[in-house]
Amino acid sequence: MSYMHLFKTTGTFGEFGRVGEFKTRRGIVKTPTFMPDGTRGAVKCLTPEQVYGTGVQVVLNNTYHLHLAPGEETVAALGGVHGFGRWDGPILTDSGGFQVFSLSKLRKITEEGVKFKHPITGEMRFISPEISIQVQLKLGADMIVAFDHLTGLDDDSRKDTLEAFERTHRWLARCVIEFKKLTQDMPVGERPLLFGVVQGGLDLELRRKSLEIVQASDVDGIAIGGLSVGETREEMFTVLKALAPLYDPNRPRFLLGVGTPEDLHFAYEQGIDMADCVLPTRNARHATVWTTGDAKIHLTNEKYTKDPEPIMVGCDCYACAHDFSKAFLRHQFKVGEPLAGSLASIHNLRYLTRICDEYRALS
RNA sequence: GCAGAGGUAGUGAAGCGGUCAAACACAACAGACUGUAAAUCUGUCGGCAUUCGCCUUCGAAGGUUCGAAUCCUUCCCUCUGCA
C-alpha cells in the first residue's frame with residue numbers, strides 16, 4: 001500500500017549522502033531539508049511568511065499538544081492544520097511519541113497505550129497508536145508518524161531500551177492497520193504519508209533489526225527516533241553510521257529531533273533526508289544564535305553592547321541582510337521585546353536551511 | 001516650625017541584641033537548551049582568597065554591651081500630615 005519509488009534521487013555526495021525529492025499531497029519536498037517545530041500549530045514568534053522566507057518547506061505540528069488544545073475537532077472545523085495555522089505547504093505531525101519521553105513523570109505506559117496527565121490542568125488523556133493515527137488524520141497533516149515508545153539514553157533509562165524497541169514494533173503494526181483502515185477510501189495522491197519509527201537505543205544490532213522491521217512494514221517513510229535524548233554525540237553518530245548502508249533507497253529518511261549544525265551535517269552525510277528540531281527556534285528565543293563556522297554566540301553578552309555588525313556577515317537571512325546589529329538585538333533581548341526572538345529565529349532557521357541548500361547545490 | 005514615618009548591598013525590600021556579608025524580588029554577569037510542560041531554566045552577584053578562610057559593610061559620629069543592622073545620644077537627609 002505504501003507508495004512505490006516515492007523518493008527520487010537526483011544526486012549524491014560523500015559515501016551515503018543524497019539529494020532528491022519526494023511528493024506529498026501538498027507538493028514536492030526537496031531534500032535534504034530541515035523542518036522547524038511548530039508544536040502548537042505555529043512556529044513560535046514567526047508568521048508563515050517569515051518561516052517560508054528562511055527556505056523552510058515543511059513545518060511540524062504536534063499531535064499531543066493539538067489534541068489537548070484546541071482539540072482536533074476544532075482544528076478540523078477550521079480547515080485542518082493548514083487552514084488553522086495558515087501554512088500552505090506540507091505539514092508533518094509528530095505522533096505524541098516524544099511526550100512519552102518528555103512527560104515521563106506524568107504518564108503511565110501500558111501495552112494498550114499511554115495515559116498522560118496534563119502538566120498544568122492535571123487532566124488525564126489516553127493516547128494509543130490508534131488514537132494517535134486518528135488524531136493526526138483529523139488534523140489533516142500531509143505526513144504523519146507512527147506512535148512509538150521513546151526512552152531516554154541517560155544511564156538510568158538505557159535498561160528500558162529493549163522494552164521500548166519491542167513495543168514500538170507492536171505499536172507500529174497497530175498504526176499501520178489503523179492508517180489503512182482510515183485511508184482506504186482516499187484517492188491515490190490525496191493520502192498522507194506514514195512514517196514508521198526505528199528504535200533500539202545505542203544497540204547497533206537492535207537498531208539494524210528495527211530498521212529491517214520498519215522497512216518491511218507498509219510505511220512510506222523511515223523515521224529514526226530515540227536519538228539526541230541524553231547520549232553523547234559520538235554515540236548518536238555511531239548509530240547513524242551503522243544505519244547508513246541499510247536504508248531503502250525508495251523511501252525518505254527522517255531523523256527525529258536533531259539538531260545542531262554539526263549533527264545535521266553528519267546526519268545528511270549518512271543519508272538522512274529530513275530532520276526537525278526545536279533548537280533553532282528555542283535557542284533563538286533564548287538569545288543564542290549560530291554564526292560562522294557553526295559557532296554559537298549569546299547575543300545578550302555584554303561585549304555586544306556596541307557591536308554594529310549583524311549576527312553573521314554574509315548571511316542572507318532577513319536579520320543579517322537588513323543589517324540588524326548585534327547591539328540592537330542585544331538591546332531588544334535585554335528589554336524583552338519579542339522582535340529579538342523573531343529575528344534570531346529567522347537567522348537560526350536560515351542557518352540550518354542553508355546547510356541543506358549547500359548539499360542540494362552539490363548535485 | 002510642629003507632629004508622625006523612615007534612611008539596609010545597583011534598585012525595591014526583609015531583618016529589629018548573638019545562628020548576618022545580611023532573606024526575597026528585580027537588575028547585572030555567565031551558562032544550559034536537540035521528535036517544545038521551555039520568550040524557560042541554572043549558576044554568580046561587598047572585597048580578597050576562590051579549599052579551610054580573612055577583611056570592610058546596614059545615613060554619619062559617638063556610646064551601652066562579652067557581642068549592635070538591631071538599644072541610647074547627637075547630627076545629616078527623605079517622605080506624609082498640620083501650620
Side-chain angles (χ1 to χ4, degrees), chain A residues 34-46 58-66 68-69 92-107 116-123 125 132 136 141 143-153 168 195 197-199 221 223-233 235-236 254-264 266-267 272 274-290 296-305 330 332-345 348 352:
Chain A
F34 178 80
M35 310 177 288
D37 290 350
T39 302
R40 300 182 143 110
V43 177
K44 290 181 201 284
C45 297
L46 299 180
V58 183
V59 298
L60 247 84
N61 285 172
N62 183 285
T63 301
Y64 169 85
H65 295 271
L66 291 178
L68 255 60
L92 190 154
T93 45
D94 186 32
S95 63
F98 184 70
Q99 280 62 46
V100 176
F101 162 71
S102 66
L103 301 178
S104 62
K105 289 192 173 71
L106 297 164
R107 55 90 175 129
F116 292 97
K117 184 175 179 178
H118 185 105
I120 291 136
T121 66
E123 177 194 6
R125 279 300 171 99
S132 176
Q136 294 188 74
M143 290 176 264
I144 74 172
V145 178
F147 190 64
D148 62 326
H149 181 176
L150 166 55
T151 57
L153 286 172
T168 291
F195 283 73
V197 183
V198 171
Q199 287 292 350
I224 311 302
L227 292 176
S228 62
V229 284
E231 78 282 17
T232 66
R233 168 162 284 130
E235 289 172 320
M236 173 167 84
F254 168 24
L255 178 57
L256 286 149
V258 175
T260 67
E262 184 186 355
D263 292 346
L264 290 173
F266 190 88
I272 294 294
M274 47 206 282
D276 78 290
C277 196
V278 304
L279 216 46
T281 49
R282 181 190 288 168
N283 276 358
R285 291 192 308 283
H286 299 167
T288 305
V289 291
W290 290 300
K296 200 173 71 170
I297 65 169
H298 292 103
L299 286 171
T300 46
N301 284 6
E302 196 172 20
K303 60 186 170 189
Y304 301 124
T305 305
R330 172 181 142 92
Q332 299 305 334
F333 270 117
K334 282 299 195 179
V335 297
E337 285 294 337
L339 179 62
S342 299
L343 290 172
S345 293
N348 275 350
L352 298 186

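Note that the structure is predicted; figures quoted are calculated from it, not measured. Note on naming: letters A, B, ... go to the chains in the order of the sequence lines (proteins, then strands), and numbering restarts at 1 for each one.
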Look at the side chain of A:Asn62 and the backbone N and O of A:Asp94, then say whether any donor-acceptor pair between them is shorter than 3.5 Å. no

[X]: what forms a side-chain contact (heavy atoms from CB on, under 4.5 Å) with it, not counting sequence neighbours?
X        : answer
A:Phe266 : A:Phe237, A:Leu240, A:Lys241, A:Gln270
A:Leu68  : A:Tyr64, A:His118, A:Arg125
A:Glu337 : A:Gln332, A:Val335

Kindly say if A:Lys296 contacts the phosphate of B:A32, meaning a side-chain N or O under 4.0 Å from OP1 or OP2. yes

A:His298 side-chain N/O to B:A32 phosphate OP1/OP2 under 4.0 Å: yes

Counting any heavy atom closer than 4.0 Å, what does A:Arg107 reach on the DNA or RNA strands: base, sugar-phosphate only, or nothing? nothing

Please enumerate all residues that pass side chain to side chain donor-acceptor pair (under 3.5 Å) together with A:Glu302, with sequence neighbours excluded. none

For A:Gln136, side chain to side chain donor-acceptor pair (under 3.5 Å) partners two or more places apart: A:Thr93, A:Ser132

Between the protein and nucleotides 10-12 of chain B, which nitrogen or oxygen pairs are less than 3.5 angstrom apart?
none

Residue set satisfying salt bridge (Lys or Arg N to Asp or Glu O under 4.0 Å) with A:Asp263, at least two apart, ordered chain then number -> A:Arg233

Do any side-chain atoms of residues 277-290 of chain A form donor-acceptor pairs under 3.5 angstrom with protein atoms, and if so which ones, sequence neighbours left out?
residue, atom, partner, partner atom, Å
A:Thr281, OG1, A:Val278, O, 3.1
A:Arg285, NH1, A:Thr281, O, 3.2

Toward the 5' end of RNA chain B, which comes first, A:Gln199 or A:Lys334, by nearest nucleotide? A:Lys334

Taking the nucleotide of RNA chain B with the nearest heavy atom to each, does A:Asn301 or A:Leu227 sit closer to the 5' end? A:Asn301

Going 5' to 3' through nucleotides 36-47 of chain B and flagging B where a protein heavy-atom sits under 4.0 Å of the base, S where only the sugar-phosphate is that close, and - otherwise, we get BBBBB-------

Considering only atom C1', compute the distance from B:C72 to B:A68 and round it to an integer number of Å. 12 Å

Between the base of B:C29 and the side chain of A:Thr300, is one N or O donor paired with an acceptor at under 3.5 angstrom? no

